[in-house]
Amino acid sequence: MASILILNGTVVNENRIFEADIFVKDGLIEAIGKDLQYKAADQVIDATGLHIVPGLIDDQVHFREPGLTHKAELYTESRAAVAGGVTSFMEMPNTVPNTLTQELLQEKYDRAAQASLANYSFFMGASNDNLDEVLKTNPKDVCGVKVFMGSSTGNMLVDNQKTLEGIFANSPTLIATHCESEEVIQRNTAAAREQFGENVPIGQHPIIRSEEACFASSSFAVNLARKAGARLHILHISTAKEVGLFDTDIPLKEKKITSEACIHHMWFSDADYAEKGTLIKWNPAVKTANDRDGIIAGVNSNAIDVIATDHAPHTLEEKQNSYFKAPSGGPLVQHSLVALLDLYHQGKFTLEKIVEKSAHAVADLFEIDRRGYLKEGYHADIAIVDLNSPWQVTKENLLYKCKWSPFEGHQFKSKVMHTIVSGQLAYSNGKLNEVGSGQRLAFDR
């Protein structure tokens, strides 16, 4: 494995910004300090004028393999992730077939070992009738158990009270939940159909998948977790009201109930449906500007613990259907870091907060072994960015298999220049190194 010397960069790490060199050897960060030029390295990166950050860890992606590979694959989406400075991902179980057995879970790990350019882990899926399989999950080498407490693909809506109580009381590892009340959604859907028939406009999406639907389910999950003493992580908070469910006054490592914000809920608002249409149809829905601002405030106050993408590609043909036929979700991993850096340029986040919420806190929350920080002895997962290098998103520079993005036409202010994954230079100056550098994440639990 080639050694790498990064010279003259500005490091953002552990709430500090400082000038330093970094020396990488045998996949690990061997030294961080000034004047490391004496280190003999196989590769040298001059980071003068650039910022060095820990590679992002995305705790919620849908890479669609197996069964939905016309939309995306582990190989294509991990390439896009690496080009965007995302060095590790945790992938969701609503593939086809749903990941509801330990054997199907292992098959995904086997495939990622062959195909992924980024580090990887996979969630075990829960259903109303697979509690025995869920309880076999090994917390040392699986990121968590995913529970859909709202509409989902296939057999993954968990709405049986007894099953939920069993999962929350007995899960061997962290429980990550999608929280929307199916009862509220169905009621709102019926009202929309009564008003519009089958031609419901996309602007109704945040009304159908409303604040009430999200808060009812999230608050129910929080209460269930408190009762059971469970380790709960609520994904993609989409309302300002939900932010109030979470603690701001205790350290992350002491929290048993945590939460996640996603890029799209901090970028778009319901005003954008007029232009973007179903391209920004996500579940939970993008809601009001007040919700967007409340989520950003929640990240800054530490009510919300981590930032992710919920990267969930569909083909453009699928997305351009009418409201009820267009699937929810969109591609984001190639642009999550640069989107956060745009929010930095807008004064909404500091660089230190971006690094904390997209790398440090994810590693801490999931208890990932030696990743998420720039520390000597840690795995070398590193992104090097130019904060002032504008570029425009076009179809030609998209790496997603679906070949579209809700950011098309947008000019980002910052650019990812280099990405190092597990000590290997996986992306540099617009070119991918197809080295298959990704490793399976291990958990120190």
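This is a predicted model, so every value here is computed, not measured.
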Distance-only polar pair, side chains of [X] and [Y], donor-acceptor under 3.5 Å:
X: H62; Y: D310; answer: yes
X: K415; Y: N429; answer: no
X: D342; Y: Q346; answer: no
X: T10; Y: E19; answer: yes
X: S121; Y: Y109; answer: yes
X: D364; Y: Y373; answer: yes
X: H418; Y: S428; answer: yes
X: R231; Y: T173; answer: no
X: S405; Y: Q334; answer: no
X: R64; Y: H70; answer: no

Just wondering, do [Y] and [X] contact through their side chains at under 4.5 Å, heavy atoms?
X: M90; Y: I368; value: yes
X: V82; Y: V421; value: yes
X: D369; Y: Y378; value: no
X: S269; Y: T288; value: no
X: I4; Y: I382; value: no
X: L105; Y: F123; value: no
X: I22; Y: L36; value: no
X: S116; Y: Y75; value: no

*H379 to I29 - nearest heavy-atom pair and separation*: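 In terms of heavy atoms, the two residues are closest at O-CD1, 4.2 Å.
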*Residue from E65, E77, E318 passing salt bridge (charged side-chain N to carboxylate O under 4.0 Å, His left out) with K71*: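 Going through E65, E77, E318 one by one, the salt bridge (charged side-chain N to carboxylate O under 4.0 Å, His left out) with K71 is satisfied by E318 alone.
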_Taking the ring of H205 and the ring of Y323, is the distance between their centroids below 6.0 Å?_
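Ring-ring flag for Y323/H205: true, centres closer than 6.0 Å.
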*Answer yes if the ring centres of H236 and H178 are under 6.0 angstrom apart, and no otherwise.*
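Yes; H178 has its ring centre under 6.0 Å from that of H236.
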How are the rings of [X] and [Y] set to each other: parallel, tilted or perpendicular (split at 30° and 60°)?
X: F412; Y: H410; answer: perpendicular
X: H264; Y: W282; answer: parallel
X: F268; Y: F407; answer: parallel

*Decide side chain to side chain donor-acceptor pair (under 3.5 Å) for S422 and N119; before the verdict, give the C-alpha distance in whole Å, the side-chain angles of both, and the deciding distance to 0.1 Å.*
CA-CA 8 Å; S422 295; N119 307 312; 2.7 Å; yes
*Within 45° of the axis and under 6.0 Å from the centre of the six-membered ring of F215, does NZ or CZ of K241 qualify?*
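The answer is yes; both the distance and angle limits are met.
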*Start with the C-alpha gap between K108 and E91, add the side-chain angles, then the distance that decides, and say whether salt bridge (Lys or Arg N to Asp or Glu O under 4.0 Å) holds.*
CA-CA 10 Å; K108 293 177 81 169; E91 208 264 352; 2.7 Å; yes
*Does the S88 side chain pair with the main chain of I57, one donor and one acceptor, at a distance under 3.5 Å?*
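Pair absent, no side-chain N/O of S88 close to backbone of I57.
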_Sidechain N-carboxylate O distance under 4.0 Å for D141, R440_ =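 Salt bridge between D141 and R440, a charged N being under 4.0 Å from a carboxylate O: yes.
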*Salt-bridge test for R209 and E180: reply yes if a basic N is under 4.0 Å from a carboxylate O, no otherwise.*
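Counted as a salt bridge, because a side-chain N and a carboxylate O are separated by less than 4.0 Å.
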